[in-house]
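Chain A is the first sequence line, chain B the second, and so forth, proteins listed ahead of strands; every chain is numbered from 1.
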Protein chains: 2
Amino acid sequence: MKTATKVRSIASALVKNAGKRVRFASGKVAPFEQVKQHLKGRLAAGDWTPGALMPSEAELVAQFGVSRMTVNRALRELQLEGLIDRVQGVGTFAAQLNRVSSSLTIRDIHEEILARGHTHHATVHLVKDEVATATVAQRLGVIAGSRVFHTLIVHHENGVPLQCEDRYVNPECAPDYLSVDFTQVTPTHYLLDVAPLWEAHFSVEAGLPSAREAKLLGLKQTDPCLIVSRRTTNRGVPITQARLTHPAGRYQIEGAYKP
Amino acid sequence: MKTATKVRSIASALVKNAGKRVRFASGKVAPFEQVKQHLKGRLAAGDWTPGALMPSEAELVAQFGVSRMTVNRALRELQLEGLIDRVQGVGTFAAQLNRVSSSLTIRDIHEEILARGHTHHATVHLVKDEVATATVAQRLGVIAGSRVFHTLIVHHENGVPLQCEDRYVNPECAPDYLSVDFTQVTPTHYLLDVAPLWEAHFSVEAGLPSAREAKLLGLKQTDPCLIVSRRTTNRGVPITQARLTHPAGRYQIEGAYKP
DNA sequence: TGCATCAACTTGTCTAGACAAGTATAGTTC
DNA sequence: GAACTATACTTGTCTAGACAAGTTGATGCA
């Protein structure tokens, strides 16, 4: 029992598991799931106006004949989904607004291309130790004049340029960043290793490439691009800021929302 | 105790609650949270390579001296966050890939503009009962030749066109859709009322506007746009499909990721 | 009136044990 | 060797009860 790090061949198990999203598929539904679905249905039907007081855990226990832990789990998950608000000592309330929060997966470009069954290679166009200008310093979140690492890398899918990655890195967080071979490992992958716990803010917009980006991506400067800007921090300490430019038509972000 | 629908003034309670995100802030941390953070830290430190077998619940119970329910909650939440995979009958495994799933909120354009303190108005350019062409039918998910409702609305922020909303709606789900006054209520808001429980798939890309979109948004056809395509269904039944075109520079999607 | 106190109610969490269900392996039988 | 079986282990879930902590409203007192 001490072989905690033993790596089994679990591929088959995980594949089997993938098709098992709905447990108790054959009629049986777990009680906590029943409570959850019942409340979800009534919320959807408008039984409680936003902000209205909903039944307490004790009332639901009596109504469904299950234990409080079961009701509690149902309510906790509904709260996580943003459908209800709970206040200790007060009660449970229907959520104020129907906010729709979508889950969107941003993957390492290398893994993403490989997952499509295509080949990935990167060309490195700049690896430099710079002094931050005011603009760069503000975007990364360090003080102007600090040392920053700067890389400019183009990622290709099947030989076609797909992403121009213009990245600044805080030397404090990744002192050996400049010595990484970026044709072998992506900056994202390396930084995830060095500083694995981080928060990120990002924005997605359409725009035109800079002259250099256009040249590296094989575009005209009037060709539209999808531009993702991402800034990541670790407990408030800035790690990296990246501008990822993708030619329109070659790349799109996908996502899904499930209630 | 029977006044389940009584609406209390809970504004103050919810405001207080908002600042209470971290419970046990003063030193005390709930045991399940301790187990969670411990495993998170070791995962981040690379104690288990992706796919490696992690300690079983029983081992963690012995190690931390807590009950199995407590360990189970910690593991369940880690699974929800995508950090581990669990297979009944087999064990718990470190997740295969470090997917970074960002939470991205797509709000009703009306609410979004009002939240910025700006004025919103909509101009309606098309409200029509059509027969679905093959392309439209495929995008919406109905069979070609079906009746579909089609609206084309431009949303303005402070008088400037911000979004061209080209939408198809399944008449089965919203038979009265065409009689709605879209200068008063947005299609999103109306459809949320009619069919509140839905799943959505969306994609975000850069591209060029169609001739009509360019005209409605006051753009040249060579001006880049951010285009969001969204298709929503209710338990597999297609509700609506929308193409939301935003002029580059006037709109961006923002999001954040927290571990 | 104003203030302190207390009881009733709420949610938040933990426990120890139980049973169900899925998987893997060693052993047994054919 | 192949097929079956028993067993040990895993996760998934539920229960009944307990205590902590927060809120609310009534009560009593100055």
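- Here C:dT13 presents its C1' atom at 12 Å from CZ of A:Arg86, a figure rounded to the nearest Å.
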Polar-atom pairs under 3.5 Å, protein N or O versus N or O of nucleotides 6-8 of chain D: list them with distances, or write none.
none

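- Annotation: side chain of A:Thr240 is not in contact with side chain of A:Pro187 (no heavy-atom distance under 4.5 Å).
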Polar pairs (N or O, both sides) under 3.5 Å between protein and nucleotides 15-17 of chain C?
{"unit_1": "C:dT15", "atom_1": "OP2", "unit_2": "B:Ser67", "atom_2": "N", "d": "2.8"}
{"unit_1": "C:dT15", "atom_1": "OP2", "unit_2": "B:Ser67", "atom_2": "OG", "d": "3.3"}
{"unit_1": "C:dT15", "atom_1": "OP2", "unit_2": "B:Thr70", "atom_2": "OG1", "d": "2.8"}

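- The B:Ser56 side chain lies nearest to D:dT11 when the options are D:dT11, C:dT10, C:dC14.
- A:Leu60 places its CG atom 11 Å from the P atom of C:dT10, with the value rounded to the nearest Å.
- In this structure, A:His246 and A:Tyr251 have parallel ring planes: the angle between them is below the 30° cut-off, well short of the 60° mark.
- Rounded to whole angstrom, the span from the CD atom of A:Gln34 across to the P atom of D:dT13 amounts to 13 Å.
- A:His155 and A:His110 have their aromatic ring centers separated by at least 6.0 angstrom.
- Summarising the geometry, the separation between CG on B:Asn72 and P on D:dT10 is reported as 14 Å, rounded to the nearest angstrom.
- For B:Tyr177 and B:Tyr168, the ring centers sit 6.0 Å or farther from each other.
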message: As a quick check of understanding, evaluate side-chain contact (heavy atoms from CB on, under 4.5 Å) for B:Phe64 and B:His38, giving each step before the final call.
response: CA-CA 10 Å; B:Phe64 286 91; B:His38 173 260; 3.3 Å; yes
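- Looking at the side chain of A:Gln79, the nearest of the listed nucleotides C:dG12, D:dT24, D:dT13 is C:dG12.
- Distances were taken from every side-chain heavy atom of B:Val90 (C-beta onward) to each of C:dT13, C:dT23, C:dT11; the shortest belongs to C:dT23.
- Here the closest heavy-atom approach between residue B:Thr233 and residue B:Ile239 is recorded as C-CD1, 3.9 Å.
- Following rounding to the nearest Å, A:Gln88 (CD) and D:dG22 (C1') show an atom-to-atom distance of 5 Å.
- Panel note: side chain B:Asp85, backbone B:Phe93; no donor-acceptor pair is recorded below 3.5 Å.
- Going from atom CZ of B:Arg73 over to atom P of D:dT13 covers 14 Å, rounded to whole Å.
- Of the candidates D:dC14, C:dA24, D:dT23, D:dC14 carries the atom nearest the A:Phe32 side chain, counting heavy atoms from C-beta on.
- One atom, CD of B:Glu77, and another, P of C:dG12, lie 12 Å apart when rounded to the nearest Å.
- Closest approach of B:Val142 and B:Pro238 over heavy atoms only: CG1-CG, 3.9 Å.
- For the pair A:Arg230 and A:Phe202, the cation does not sit on the ring face, since its NZ or CZ is not both under 6.0 Å from the ring centre and inside 45° of the axis.
- Rounded to whole angstrom, the span from the CE atom of B:Met54 across to the P atom of D:dT11 amounts to 10 Å.
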